[in-house]
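Below: the structure, in structure tokens.
All ligand and atom numbering here is 1-based and tracks the order in the structure.
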Amino acid sequence: MSLSERSRRAVWHPCTQMQALDEFPPLAIARAEGPWLYPEGGGRVLDTISSWWVCLFGHRHPTIHGAIKDQLDALDHTLLAGLTHEPAVALAEGLSRRTGGALGHAFYASDGASAIEIALKMAHHACVNRGQPQRRGFVFLERSYHGETLGALAVTDVPVFREAYQRLLMPSLLAPSPDARGMGSEAAAQRLEALLDEAGDTIAGVVLEPMIQAAGGMAFHDAHYLRRVREITRSRGIALIADEIAVGCGRTGPFFACEHAGIWPDLLCLSKGITGGVLPLSVVLSSDGIYEAFLSDEVGRGFLHSHSYSGNPLACRAGMAVLSIFANDTTRIDTAARVSAALEEFSRRPELCHARHLGSIWAWDLSPQAAERAPADFAARVRHVGLQEGLLLRPIAQTLYVMPPLHLDAEAIDHLTDRLPRVLDRVLSHSSREAPAWTTPSIA
Ligand SMILES: Cc1ncc(COP(=O)(O)O)c(C=O)c1O
């Protein structure tokens, strides 16, 4: 039995309707190197989405691997309550330095969603400790995505992920998206202001994804919105929670997306790229104001949240390696410019509209005419044909995007610009239905 077949029997795959695997079986990957994935059956696939936006500098980066191997020989794991270790401290110090000391306290967890849970709990608990327990509501934005655990899902606006769990979710207030394709940032900021005025002193925090609402369809907004939300939340004593899980670690250019606006939130969540996509780690960075609200003689006023793997030394060491690569890296900006130039012609295709780009994220929507003739399962078809053409792609509904590793050589860029138009042509001409299964090693 093939590995793909065994996987379908034994593994419950994430974010997957398992029944659909009859038509779209999972592709078995044997190894990876740089931006390339090597399937079991031969050939290679360009990881244009950095394996769910985590592999920041590509797969098996020697600096990150060297750091983890070195750490493994010294200290594999220990709890972080009552004990500490160099990697957890050094990573916290390094991240704090990157915020100029504005966010000087790092709380560790393992996944993006758990960082969001922590930030929501911290924001509310800080209010409780300050004598405002009625501040228990959160404002989130249309098109937002913050993860799949119940707290994170309660502030996520993607119906297909929420619907089945709606009854389990805490009530939260939905504000308009600042999406540049919609009402834009100033109008969205004014609506947020009005919503907060109406909610009075019941709100603990506003949670948003700075600059790009990623899973909600790569909705871009400008830095003005972030500056306005910073003003609005600060003047009302409400915590601003920046979810930089997708857009942090240099994805949009600067290390933190908030740097585009020159603001710091009260709480900032990082994950995904922080270990270069090798080990699970997330971090919530906190301002002094939030942190100090927890200092007390009473144990229960402290933040008693924990996870077994909080601050795992191997993951933190990988994080330190990412900071050092980022600090010494001179190629990523040049890479982004070369990818942009190479994608220019693709962006002008009549089947596409709203071409947008920031840092190492490029996105396009199907034009209204193309959307009309696109197959209903456009995203699944693109994934399927993409693999046949040697590209790992995962469109969000009718939004096509690439978020490749920050380092791509000329060969990888050529491969991308050669294959991407072919994938689009094949899917829009519906020839994807007659295509052979990708498990045949026809992959380039
Ligand atoms: C902005 C944002 N927040 C939170 C999450 C959840 O992270 P995780 O999947 O690690 O739980 C994601 C995942 O894609 C994300 O894009």
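- With Ser324 contributing its side chain and Val322 its backbone, the two residues share no donor-acceptor pair below 3.5 Å.
- Residue Ala113 approaches ligand 1 through these ligand atoms, each under 4.0 Å from one of its heavy atoms: 6 (C), 7 (O), 8 (P), 11 (O).
- At least one test fails for Arg44 against the ring of Tyr38: distance under 6.0 Å to the centre or angle within 45° of the axis.
- Using cut-offs of 30° and 60° for the angle between ring planes, the Tyr291 and His105 rings count as parallel.
- Considering only non-hydrogen protein atoms, atom 15 (C) of ligand 1 sits nearest to Tyr145 CD2, 3.7 Å.
- Between Gln213 and ligand 1 there is no heavy-atom distance shorter than 4.0 Å.
- Taking the ring centre of Phe326 as origin, the terminal cationic atom of Arg332 falls inside the region bounded by 6.0 Å and 45° from the ring axis.
- Ring geometry for Phe57 against His407 counts as tilted: the plane angle lies between 30° and 60°, on a 0 to 90° scale.
- The atoms of ligand 1 that sit less than 4.0 Å from any heavy atom of Lys272 are 12 (C), 13 (C), 14 (O), 16 (O).
- In terms of protein heavy-atom proximity, atom 16 (O) of ligand 1 is nearest to Trp53 CZ3, 3.4 Å.
- Scanning the protein for heavy atoms near atom 10 (O) of ligand 1, the closest one is Gly112 N, 2.8 Å.
- Look at Arg8 and Asp22 and you find a salt bridge, because one of the NZ, NE, NH1 or NH2 atoms lies within 4.0 Å of a carboxylate O, short of that distance.
- For ligand 1, the atoms sitting less than 4.0 Å from at least one non-hydrogen atom of Asp243 are 1 (C), 2 (C), 3 (N), 4 (C), numbered in the order shown with element in parentheses.
- Under a 4.0 Å criterion applied to the non-hydrogen atoms of Glu209, ligand 1 contributes the atoms 1 (C).
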